[in-house]
Number of protein chains: 2
Amino acid sequence: MTDGKNPVIANVTADDVAEAAGVSRWTVNRAFRKDASISRKSLEKVMAAAERLGYVPDLRAVSLASDRSNLVALLIDDFANPHKLVMMECLTRALRRGGWDTLLVNTLDRDDASHALLNASQRRVDAVILIGLQFDDEVLEAAAHARKFRELIIFARTSERPNTISIAVDDVRAMNDMAEYIYAKGYRRPLFVAGPQNYSAHLLRKETFFSYWHSNTGREPGLVTVSTYDPALARRVVAETLQNCAREDLPDVLVCENDALAMGAADAVRYSLGLAVPGDIAITGFDDVPQADNPNYRITTYRQPLSEMVDYLVEVLAHPDRQDRDRLFLGSLVVRESA
Amino acid sequence: MTDGKNPVIANVTADDVAEAAGVSRWTVNRAFRKDASISRKSLEKVMAAAERLGYVPDLRAVSLASDRSNLVALLIDDFANPHKLVMMECLTRALRRGGWDTLLVNTLDRDDASHALLNASQRRVDAVILIGLQFDDEVLEAAAHARKFRELIIFARTSERPNTISIAVDDVRAMNDMAEYIYAKGYRRPLFVAGPQNYSAHLLRKETFFSYWHSNTGREPGLVTVSTYDPALARRVVAETLQNCAREDLPDVLVCENDALAMGAADAVRYSLGLAVPGDIAITGFDDVPQADNPNYRITTYRQPLSEMVDYLVEVLAHPDRQDRDRLFLGSLVVRESA
DNA sequence: TTGTAAGCGTTATCAC
DNA sequence: GTGATAACGCTTACAA
């Protein structure tokens, strides 16, 4: 049974169990399914034999024969964004409860995204979930073209692509709520801190804020762009921007596209400029990551209803034949001390 | 080719390509391997046909037939610990470079860990990598018993288990360095902030510190235990502990088992007690997570050589027949302002 | 309720 | 260098 340092258990198959239990392989098969129509007696015999031999069905073979893999690929790129950790935790938990296993793919760069997609398709995953940045329309087009997976789900980001499911928060309403709050609080010189400018979800938040501001004040907010959702990078970029500002031209509020940027912005204001939040400059974020509640930050932000969104995702996976599966969710403003 | 909303591409198999290229299936197969001994002409014909038909090998079938899945399972539980995010990023990147795909399993609780292990074995993964907490000896025993995977790798934690590979930092030397630094700096009333007390790696750090301290001062450090590596929880526990302390009995340094605890401890000192770090109470951590360098913390900590460790892991996976694959790494003390 | 036979898409083995 | 044929372990008809 063992060869010294590496105990290798000979593969036990359904045939072995069938023989041991004195039934056919198909009966063994049925004993391992919820929808079994099988006699109590056979079930017991099979289970006893399976237990004794240490049998568990081989999911590769199941997948090959049934053409369902019960596997979804999760493609992520910006690991510096703390919100991704929250999403991963939530997603993997819900998927597992729903019976899905998760293939985690760290897509290093835009080029790599295509490889990742190809790889997922070779594993014949039932669905691909995208929660990264680097999936611009070109990559998505290639993905849709070569798709061997049934579903392409874009999570936490709106998308108008056909044959693609988008599950996200309603950025327009969310950002309008936020803009309204900011305006009502009396801030009048906002600087918008934006992330990578390569796709729509972010443009949506930015554009919503800009258009709100324009129609309420007739003026254009300032804008600064950070190329990754990385707090440390955001700190540097924001610091540099503000240091080049005359004191009287400083913004009174930094409206950040998400909490990762907001944390960096807060650090910049405090530690690079030596100013106070919100006394000198206020800050708002988006996502309500756990750190937003940290006493160092206490960021006013917008909470996405993540568990609802994830539950819906699992439901969608379970009913692939349903129509109109795109869905926008409403979150809520979380007011803390930063603005 | 499409049925309206869901374009489903009929499965292209090696047989289809073989027919289109006018060769046998096995020749198609060889065209897709690095170690091919195949004529240039056949190769070109096959590749052209494959390209045209959109063929990619089905990894499920490959795995079933060859008994190598090129898949490893990554079992993690404490998602609140920021170090886990760093590890995941590093691991998935290296594994992919080495040709492995990663099955991410979020093990919800101790009980769930066994299910996760079982599940991984059903996918016939080539290896299981454990970087979670909830794998005490009992769970590992069960895993080793029912193993269908070739390797069980315990990452970033020492283990003496047979048939198990442990890749970790040398906790004894690391903590001795740290203790030496703390002692040399003149701190004399340490409180050790420990994580969950259910397995050896942590006991190792704690015991090393305790024994260093005892042999150098003849006295026993204080001890407080936090049940998860969660900064928010650590803050509450540490705050409660210190609030019950007479002012003159307060520790002068909080020696934390890792950075997750150290960040919580720092928050407790500052925001719950209104004291200064390191002026009133100093703080040390372990791991050097990105946030340890944040201006709010600037934690003195110990850096694990993560990329070396990960590279070694991939190497180990590539040479399953090698002996003595356990390995301890040396990191380095990172001195910042917190102690 | 249970059994039989034909796939699923590869790789491995052995001839040619 | 290339091609038949038998695994790999399961599911899905269909028949009993």
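Every value quoted in this text rests on a predicted model; they were computed, and no experiment measured them. Chain letters run A, B, ... following the sequence lines, proteins first, then strands; residues in each count from 1.
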query = Distance check: side-chain N/O of A/Asn29 vs OP1/OP2 of D/dT11, anything under 4.0 Å?
reply = yes
key: Reported OG-to-CG distance for the pair A/Ser307 and A/Leu313, which is rounded to 0.5 angstrom   = 12.5 Å
ask   = Taking OP1 and OP2 of D/dT2, is either one under 4.0 Å from a side-chain nitrogen or oxygen of B/Ser39?
value = yes
query = Within this structure, what is the CZ-to-P distance between B/Arg123 and D/dG9, rounded to whole angstrom?
reply = 17 Å
Donor-acceptor under 3.5 Å (B/Ser66 side chain, B/Arg68 main chain) = yes
query = Taking B/Arg325 for the side chain and B/Pro320 for the main chain, is one N or O donor matched with an acceptor at less than 3.5 Å?
reply = yes
inquiry  = Can you measure A/Arg124 atom CZ to C/dG9 atom P for me and round it to whole angstrom units?
reply    = 8 Å
message = Can you pull out the residues from residues 63-70 of chain A that lie within a 4.0 Å heavy-atom distance of DNA chain D?
response = A/Ala65, A/Ser66, A/Arg68
request  = Keeping the roles fixed (side chain from A/Asp77, backbone from A/Thr107), state whether a donor-acceptor pair exists under 3.5 Å.
outcome  = no
key: Under 3.5 Å: donor-acceptor pair, side chain of A/Thr228, backbone of A/Pro196   = no
query = Does B/Arg327 reach the main-chain N or O of B/Tyr312 with its side chain, forming a donor-acceptor pair under 3.5 Å?
reply = no
message = Please enumerate all residues that pass salt bridge (charged side-chain N to carboxylate O under 4.0 Å, His left out) together with A/Arg97, with sequence neighbours excluded.
response = A/Asp311
ask   = Between B/Thr27 and A/Thr13, who's closer to the 5' end of DNA chain D by nearest nucleotide?
value = B/Thr27
task = Look at the side chain of B/Asp126 and the backbone N and O of B/Val72, then say whether any donor-acceptor pair between them is shorter than 3.5 Å.
result = no
request  = Round to the nearest Å and state the distance from B/Arg30 atom CZ to C/dC14 atom C1'.
outcome  = 13 Å
task = Nearest whole angstrom, please: distance from the P of D/dC10 to the CG of A/Leu59.
result = 10 Å
remark   = Residues in residues 14-26 of chain B with a heavy atom under 4.0 Å of DNA chain D, by number, are B/Val23, B/Ser24, B/Arg25, B/Trp26
query = Considering only side-chain heavy atoms of A/Asp58, which listed nucleotide, D/dT2, D/dC10, C/dG3, is closest?
reply = D/dC10
query = Starting at CD of B/Glu44 and ending at P of D/dG1, how long is that distance when rounded to a whole Å?
reply = 16 Å
note = The reported gap from NZ in B/Lys84 to CG in B/Asp78 (rounded to nearest 0.5 angstrom) is 3.0 Å
